[in-house]
Amino acid sequence: MPRIEALDVAKRFGRITALDTTSLTIEDREYVAVLGPSGCGKTTLIKLLSGIWQPSEGRILVDGRDVTALPVEDRDLGYVFQNIVLFPHMDVWTNATYGPWVHARHKEDVDHVGTEVLDLVDMLGERGLFPSELSTGSQQKVALARALANRAKLLILDEPLSGLDARVRLDLRYALRRVVKDLGLTAIHVTHDQEEAMSVADRVVVMRKGRIIESGPPETLYDRPKGVFTANFIGESNFLEGAVRRIRADWAFVEFRSGYILRVPAKGLLEGDPVVVAARPEWIALTKEGFGNVIPGRVEGRVFLGATQRLQVRLFTSDLVSVDVPASQSLNTARDVLVSFHEANILVYPRPYEGLQEALKLE
Amino acid sequence: MIAGLLDPDAGRILLDGRDVTRMPADVRQAAFMPQTYSLFPHLTVWENTTFSPQVKGWSESDRDVLAREMLSMVHLIDRREAFPRELSGGMQQRCALARALAAGSGVLLLDEPLRALDARLRIELRSELRSLIRHVGTTAIHVTHDQEEALVVADRIAVLRNGELVEVGPAEYVYSHPASPFVANFLGEMNFVEAESFPADGGAVRLVVGGTNLMAPAREGLSGRVLAGIRAEVCGVLPQEWGAGQGVEGIVKRRLFMGRRISLEIDVPGMGLLKAKPLTANARWAKEGDAVFMTMPAEHILLFPVPKGGVAAALEVE
């Protein structure tokens with residue numbers, strides 16, 4: 001029943017800080033995804049949590065017990081890596097039951113565990129095959145079965161799907177989540193793929209530059225991200241820079257370049273505040289109505305995305321925004337359009353002191 | 001073979017009408033940009049970019065003008081003194097692109113140019129790549145395994161399978177008129193069911209599948225037993241009691257939140273597990289176990305001959 005706590009942990013290599021002072025609690029049976037761009041410190045964080053590395057500062061508790069100095073081999077956890085590590089000369093069954101076998105469990109025990117874990121990942125039928133006879137997706141399933149066979153209650157997944165084909169990845173996402181939930185495990189899954197993080201986890205932890213910048217349930221992070229970086233990193237967003245001109249009752253009126261104004265919820269805003277207004281491409285629309293929360297613009301480009309098309313619209317504020325409309329929506333030849341920003345689908349942030357571009361940077 | 005790195009066993013390759021089949025790679029007007037970028041680690045951004053013009057014996061002033069132009073275009077002019085290891089992955093890619101462009105070739109060959117990058121950065125850079133190449137006005141051939149990337153960057157898509165070109169055309173055309181179930185499925189997850197088709201009015205057919213009637217656009221030369229397909233992303237869901245329009249009833253078995261869209265697997269009696277990927281705003285309410293009406297707009301239903309070896313084999317990638 002592992003509840004994991006990282007208390008003020010940090011990892012420094014000389015003058016380089018891989019992970020700045022960080023605290024994170026992972027509840028028992030929680031599936032947490034740690035998400036961030038390359039070099040954000042996410043790999044460092046799980047190496048500390050799993051005991052592969054020792055933190056330079058801080059402590060790590062498992063169920064209240066201090067395990068900071070306990071090496072990885074003495075911890076009760078299963079580990080799945082991006083690079084699939086199977087013994088090539090052993091068949092699926094022997095690979096999966098390797099752990100219990102090494103621990104000299106009874107044969108019935110080993111048989112029982114092997115059957116159970118291979119059944120969980122849907123590979124029981126392939127028990128006699130060798131890794132070279134399996135697709136990479138199936139190989140990773142066997143690696144997962146092997147990690148589960150140790151009966152550890154904590155599962156560490158280090159980019160487990162990154163080496164796989166796009167389609168296989170989708171199937172395995174569901175398999176991972178199902179196995180973790182069925183067995184009541186605590187799972188920590190590191191990935192750079194936003195969609196993957198959102199679809200597997202109960203909670204997503206977003207990291208950047210060696211720090212955790214926010215965490216929350218996937219739908220909350222997508223719908224109401226707390227900061228501009230997350231708004232851009234998880235899904236895409238359009239950003240408009242403006243300033244609060246006036247506040248009337250529950251509404252703030254934000255003015256953009258060339259004097260265009262949008263009405264937004266006033267919560268937490270003061271007149272004169274420099275702000276950034278964010279809206280996802282699927283949250284804004286083209287309208288024929290010349291009133292309400294609209295800004296005029298001109299269509300500069302169009303990208304076919306399958307069921308939808310993405311229009312690049314140069315607003316008269318001179319900002320370029322992406323607007324997703326149904327692929328079936330035809331545009332009249334006049335390319336002047338009105339872009340409608342619905343109040344309920346607008347996010348407002350204080351303008352970052354380091355500048356918007358810097359605050360959004362992915363690397 | 002287009003780059004000249006491999007010789008064809010048969011056939012010819014023409015560049016601007018000129019036969020280059022036996023011409024070695026280094027004298028062809030085709031610049032190859034590999035996945036790994038292959039920048040010279042000991043040369044700066046500037047030196048990497050001017051490498052090819054220098055080898056070709058360009059004068060220093062011509063080289064400077066060219067390099068300046070190319071590096072401005074890829075927004076790296078401020079980092080011209082940096083070495084590759086000091087650059088981010090995205091910058092290295094842009095530097096490799098500048099170098100390829102500075103080689104002055106008529107054709108740019110991009111082999112999975114975004115593969116080494118993080119998922120989010122890839123999305124950002126693919127749009128940038130498209131506008132850059134448009135701006136330069138060069139011909140580009142971009143190899144990718146990512147369907148969405150192909151749709152976004154290209155004017156035209158060529159789908160290859162088992163060493164064979166199975167369809168070529170503008171992205172929108174290939175997406176809406178796929179030549180085979182394989183192409184259809186490759187450009188976006190499909191649902192397939194076998195159905196009996198009967199002629200109907202107005203260029204339509206009536207499909208009967210598992211006791212349900214569905215209308216679909218007719219396809220010339222196709223009648224009787226057919227394979228009907230519809231993309232997951234054009235299928236929506238409604239609460240079952242609101243069911244309206246064309247569709248089928250079922251129970252949600254799986255739900256995965258993916259951000260912009262929600263991926264649902266719906267168990268439909270008589271048809272099996274079908275997939276729908278509606279926009280999140282339209283389907284947020286749907287939970288596992290819910291009884292839903294899955295909409296299937298008639299205009300999006302595609303018809304194919306029933307594949308002889310079965311549907312699964314017709315879709316197999318490897």
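The analysis underlying the following values was restricted to heavy atoms, covering all of them including side chains, and did not include hydrogens, waters or symmetry mates. Just so it is clear: chains get the letters A, B, ... in the order the sequence lines come, proteins before strands, and each one is counted from 1.
Looking at A:Glu196, there are no atoms closer than 4.5 Å to chain B (heavy atoms on both sides), in backbone or side chain. Looking at A:Glu282, only its side chain comes within 4.5 Å of chain B, counting heavy atoms on both sides. When heavy atoms are compared at a cutoff of 4.5 Å, A:Leu362 approaches chain B solely by way of its side chain, counted from C-beta outward. Neither the backbone nor the side chain of B:Glu299 comes within contact range of chain A; no heavy atoms are under 4.5 Å apart. Contact annotation for B:Ala281: neither backbone nor side-chain heavy atoms come within less than 4.5 Å of a heavy atom of chain A. The contact between B:Asn185 and chain A is made by backbone and side chain atoms together, counting heavy-atom distances below 4.5 Å. For chain A, the nearby parts of B:Arg254 are the backbone and the side chain; heavy atoms of each come within less than 4.5 Å.
Of all heavy-atom pairs between B:Ala286 and B:Leu264, the closest is CB-CD1, 4.3 Å. Residues B:Leu315 and B:Phe192 come closest through the heavy atom pair CD2-CE1, 3.6 Å. Across all their heavy atoms, A:Lys181 and A:Arg29 have their closest contact at NZ-O, 3.2 Å.
Side-chain atoms of A:Asn345 and A:Arg280 include no donor-acceptor pair closer than 3.5 Å.
In this structure, A:Glu133 has no salt bridge (charged side-chain N to carboxylate O under 4.0 Å, His left out) partners at least two apart in sequence or on a different chain. Residues passing the side chain to side chain donor-acceptor pair (under 3.5 Å) test with A:Tyr174, sequence neighbours excluded: B:Glu288.
The contact list for residues 202-217 of chain A toward chain B, using heavy atoms and a distance under 4.5 Å, is empty. Proximity to chain B at a heavy-atom threshold of 4.5 Å picks out A:Gly36, A:Pro37, A:Ser38 from residues 32-43 of chain A, in numerical order.
Residue B:Glu148 places its CD atom among 12 or fewer non-hydrogen atoms of other residues, nucleotides or ligands, all under 6.0 Å distant. The environment of A:Arg298 atom CZ is sparse: at most 12 non-hydrogen atoms of other residues, nucleotides or ligands sit within 6.0 angstrom. More than 12 heavy atoms of other residues, nucleotides or ligands sit less than 6.0 Å from atom CZ of A:Arg302.
Counting heavy atoms from C-beta outward, A:Ser162 and A:Asp193 have side chains that stay 4.5 Å or more apart. A 4.5 Å side-chain heavy-atom check between A:Pro131 and A:Val142 finds every atom pair outside the cut-off. Side-chain atoms of B:Arg231 and B:His300, non-hydrogen and from C-beta on, never get closer than 4.5 Å to each other.
Taking chain A as the reference chain and counting heavy-atom pairs below 4.5 Å, the highest number among B:Thr280, B:Val234, B:Leu121 is found for B:Leu121. Interface remark: of the candidates A:Gln194, A:Arg178, A:Arg177, A:Gln194 forms the most heavy-atom pairs closer than 4.5 Å to chain B. Top candidate by heavy-atom pairs under 4.5 Å with chain B, chosen from A:Gly301, A:Ala197, A:Pro218, is A:Pro218.
B:Arg130 places a side-chain N or O within 3.5 Å of a backbone atom of B:Val152 that can act as its donor or acceptor partner.
Between A:Tyr31 and A:His189, the ring-plane angle classifies as tilted under the 30° and 60° cut-offs.
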